[in-house]
Amino acid sequence: MEALPPAGPAIREAAMFPSRNPRAAASAPLSAALLLAAAFPAAAESQSPEPAIEAMKRAYLDCERAAMANALDDGGIMSCSVLYEELKAEGFDGSFKALRRWYDLQDIGREDTAV
């Protein structure tokens, strides 16, 4: 796996001072939740996998809401993409169709949500 280049000054400043960037500030709670989940996978795995998958589903729906509000910065988009792949693999046996069926049944504030 190739190492990522070091973060430039603008990226470090945005991370240290998210209030200076409204998009970063809006996605900060989501990013923090995703980082915590990534930092402590053993805690989620020490219990049954079901709570971890449910937590991933909730986080994924948070990602979708943030994306619909155009509130994700580049880091948030990347984190949500990684979360999507993990959820698809762990929660839906790698099946995009199964994940999509589940997603279509969720009420996440979309205008087209079925009643």
**Report entry** Minimum heavy-atom distance C63-L83, with the two atoms named
**Finding:** SG-CD2, 4.0 Å
**Report entry** Backbone of W102 reached by a side-chain donor or acceptor of Q106 within 3.5 Å
**Finding:** yes
Report task. Treat each ILVMFWY residue as a node, draw an edge where side-chain heavy atoms are under 4.5 Å apart, and state whether F96 and V82 are in one component. Result -> no
Query raised in the report: So does R58 pair up with D62, basic N to acidic O under 4.0 Å?
Result: no
Report summary line: Distance col, row N70:CG vs D73:CG, nearest 0.5 angstrom, shows 11.0 Å
Query raised in the report: Any side-chain heavy atom of K57 within less than 4.5 Å of one from I53?
Result: yes
Query raised in the report: Residues in side chain to side chain contact (heavy atoms under 4.5 Å, CB included) with S81, at least two apart?
Result: I77
Query - Spatial distance of atom CG (L61) from atom CG (D107) [nearest 0.5 Å] - result: 10.0 Å
Query raised in the report: At what distance, to the nearest 0.5 angstrom, does CD of E64 lie from CG of L72?
Result: 9.0 Å
Query - From CD (E54) to CG (L87), nearest 0.5 Å - result: 9.5 Å
Requested in this report: Go through the structure and list residues passing side chain to side chain contact (heavy atoms under 4.5 Å, CB included) with A98, not counting sequence neighbours.
Outcome: F92, S95, R101
